[in-house]
Amino acid sequence: MWNKIKNSKWLYVLLSILMAVILWAYVVKEADPDLTKDVAGIPVTFTGTGILNSRNLIVTEGGEQSLTLNISAKSATLNKLSRDTISLTVDLSNIVEPGTFRRIVNVSYPQNVNQGDISLNTELDGLYIEFTVSKKETKEVPVYVEFSGSIAKGYQAGEATITPGTISVSGQRELVNQVASAKVVLTQQELSETYEGDLAFVFVGSDGEELTDANIQSNVDTVHVIYPIVQYKQIPLVVELVPGGGATPDDVTVLPLLEGAEPLEDQPDGARQVVVGEISITGPEDELDGLHKLVVGQVDLADVITSKTYTFPITLSEGFGNESGIQELSVSVAIKEGALARREFAVTNIVLVNIPEGLNVELVTQSRQVTIRGTQEAVNRIYEGQLRIVADVAASNATAVGRHNIPAKVYVDGSDDVGVVGGDYNITIDITQ
């Protein structure tokens, strides 16, 4: 039996395995001794900061520290230990008042190692850190945009929108009191469209200098910025001169005239548009491209006896912006000296037309002074019989019993070379039952 076992190959297999186990145990014990190394730069993390903040306290000094630990362990264990796998923490939840504190750190190793296999050789004094806790100050500060980039030609920037417009800053009272505002710096170049994005900010003191090293916290890390970029265009302001009262645009001077402005073509009815100024406007790009002038008003030359000043409001369509800020424009129109002659007539040919049925209307005005104007030669050819005054009773809406002053129109028959000066000619009628 023994000979059979002795001659079996399984006996040798089992003996080989036993010898391997014994040899492995020896190697582990004798050939794999404990090794020692320094693990440097392990950051210290504070816990319980929420409780500390609820007590209106904050760490103001020593908030960012790191330690070096001297550790011994087997090679396999030691290879798993680094500044990223070892954690050092200090609990702040039991601090109730400001002061400078010296606390020991709590050392934690990764879960995939047996802590009993690790020896911490660092002296006890090397496991302490010192930090300062102060009263926390909180205040709101405004946020503004500083643009240090550039804008493309033909475009301009509008007012930036910042969300939130104010931020809450907190920290040591002496440091927080130095903060006057928060600044967002926009550096984009050749902007031709509105910029929108989330940007970081820096704190700025009352002297305008950046506070780069201040240990100050804020309730947000970025703000949302919309920086509008719109196209602008210089638009000529135009006044239209309408012939009347024997005067044409050639017979008048207009002030102010925009120096160097391109002359505009006369209208089919003899009216003329003159450029009296310009403004800078912004608006939708496609609409700006089709806008070449802005007519601010019209002057009937029949209303200009010798000279007259008109004030026209500058009104833009919705969607356009008046960047020049000019809200109205004053224009002076004067008859050129010696260009035209005037002549007055006492007109007695007064006619009432369109008298509503059932009304008894009598003419009170028997004569009306009328001034005509034209060249001296044309005026001299006119006689009183060519002038007549016509009043449309129905158009005046005068229907009540009593006297009414109603508008009338003056005609110069047989002549196109002169006109009637002054557009308002009225007569008086009497309506009876």
Side-chain angles (χ1 to χ4, degrees), residues 38-71 80-113 115 118 120 122-143 162-184 198-206 210-224:
D38 287 332
V39 181
I42 306 173
V44 178
T45 302
F46 290 109
T47 63
T49 54
I51 297 175
L52 192 71
N53 288 336
S54 69
R55 295 172 181 152
N56 205 31
L57 298 173
I58 190 172
V59 177
T60 54
E61 293 183 19
E64 295 184 3
Q65 298 189 53
S66 62
L67 297 179
T68 297
L69 300 183
N70 183 269
I71 296 173
K80 298 177 182 179
L81 301 179
S82 68
R83 67 183 302 275
D84 297 321
T85 60
I86 300 174
S87 66
L88 305 179
T89 58
V90 174
D91 184 19
L92 306 178
S93 61
N94 59 352
I95 297 177
V96 295
E97 60 184 14
T100 298
F101 300 87
R102 189 169 183 269
R103 296 289 173 90
I104 191 169
V105 300
N106 178 52
V107 182
S108 298
Y109 300 109
Q111 294 182 352
N112 61 349
V113 299
Q115 297 197 23
I118 303 171
L120 180 60
T122 303
E123 294 184 5
L124 187 63
D125 188 62
L127 298 178
Y128 278 86
I129 66 167
E130 191 172 285
F131 56 92
T132 301
V133 173
S134 304
K135 277 287 186 181
K136 182 175 69 173
E137 182 79 8
T138 301
K139 73 175 182 179
E140 298 286 320
V141 297
V143 187
I162 308 171
T163 307
T166 61
I167 61 174
S168 176
V169 296
S170 59
Q172 186 177 354
R173 177 173 299 172
E174 292 77 10
L175 297 177
V176 169
N177 287 340
Q178 295 178 25
V179 181
S181 58
K183 177 176 69 175
V184 176
D198 295 323
L199 296 175
F201 50 83
V202 294
F203 298 122
V204 178
S206 57
E210 295 182 6
L211 304 173
T212 54
D213 298 326
N215 183 20
I216 302 170
Q217 299 174 347
S218 59
N219 62 327
V220 295
D221 296 324
T222 61
V223 293
H224 191 72

Just wondering, do V90 and F131 contact through their side chains at under 4.5 Å, heavy atoms? yes
With L92 as partner, the option from I51, V133, L57, L52 fulfilling side chain to side chain contact (heavy atoms under 4.5 Å, CB included) is L52
Side-chain (Q172) to main-chain (I58) donor-acceptor, under 3.5 angstrom: no
From CA spacing to verdict: side-chain contact (heavy atoms from CB on, under 4.5 Å), Y109, L120: CA-CA 11 Å; Y109 300 109; L120 180 60; 3.9 Å; yes
Work out which heavy atom in G41 is nearest to a heavy atom in S66; give both atom names and the distance. C-CB, 3.8 Å
Is the shortest heavy-atom distance from the side chain of P110 to the side chain of L81 under 4.5 Å? yes
Checking T89 side chain against T45 main chain: does a donor-acceptor pair fall under 3.5 Å? no
Flag the pair L175 / T60 as yes when at least one side-chain heavy-atom distance between them is below 4.5 Å, and no otherwise. no
side-chain contact (heavy atoms from CB on, under 4.5 Å) evaluation trace for T212 with V202: CA-CA 7 Å; T212 54; V202 294; 6.0 Å; no
Test item: V204 and V141 side chains (from C-beta on) under 4.5 Å apart, heavy atoms: no
Between A182 and I167 the two heavy atoms that sit nearest each other are CB-CD1, 3.8 Å
Which value, rounded to the nearest 0.5 Å, describes the distance between K183 atom NZ and L211 atom CG? 10.0 Å
Between I216 and V169, the two heavy atoms sitting closest are CG2-CB, 3.9 Å
Can you name the closest pair of heavy atoms from R55 and S93 and give their distance? NH1-O, 2.5 Å
How close do G205 and A180 get, heavy atom to heavy atom, and via which atoms? C-CB, 3.7 Å
Distance-minimising heavy-atom pair for N112 and K80: O-NZ, 3.5 Å
Pairwise side-chain contact, Q65 with V105, heavy-atom cut-off 4.5 Å (strictly under): no
S134 and R173, any side-chain heavy atoms less than 4.5 Å apart: no
Expected output: side-chain K139 to main-chain V179 donor-acceptor under 3.5 Å: yes
Interatomic spacing from OG in S170 to CD in E140 - rounded to 0.5 Å: 10.5 Å
How long is the gap from CZ on F201 to OG1 on T222, to the nearest 0.5 Å? 7.5 Å
Which is it for I129 and L67 under the side-chain contact (heavy atoms from CB on, under 4.5 Å) test, yes or no, and what are the steps along the way? CA-CA 9 Å; I129 66 167; L67 297 179; 4.1 Å; yes
To the closest 0.5 Å, what do you measure between CG (L69) and CG (L88)? 5.5 Å
Interatomic spacing from OG1 in T49 to CD in Q217 - rounded to 0.5 Å: 8.5 Å
Could you tell me whether the side chain of Q178 reaches within less than 4.5 Å of the side chain of F203, counting heavy atoms only? no
Taking the side chain as everything from C-beta on, heavy atoms only, tell me whether S168 gets closer than 4.5 Å to T138. yes
About how many Å separate CG of N177 and CD of E137, when rounded to the nearest 0.5 Å? 5.5 Å
Greater than 12 external heavy atoms within 6.0 Å of E174's CD: yes
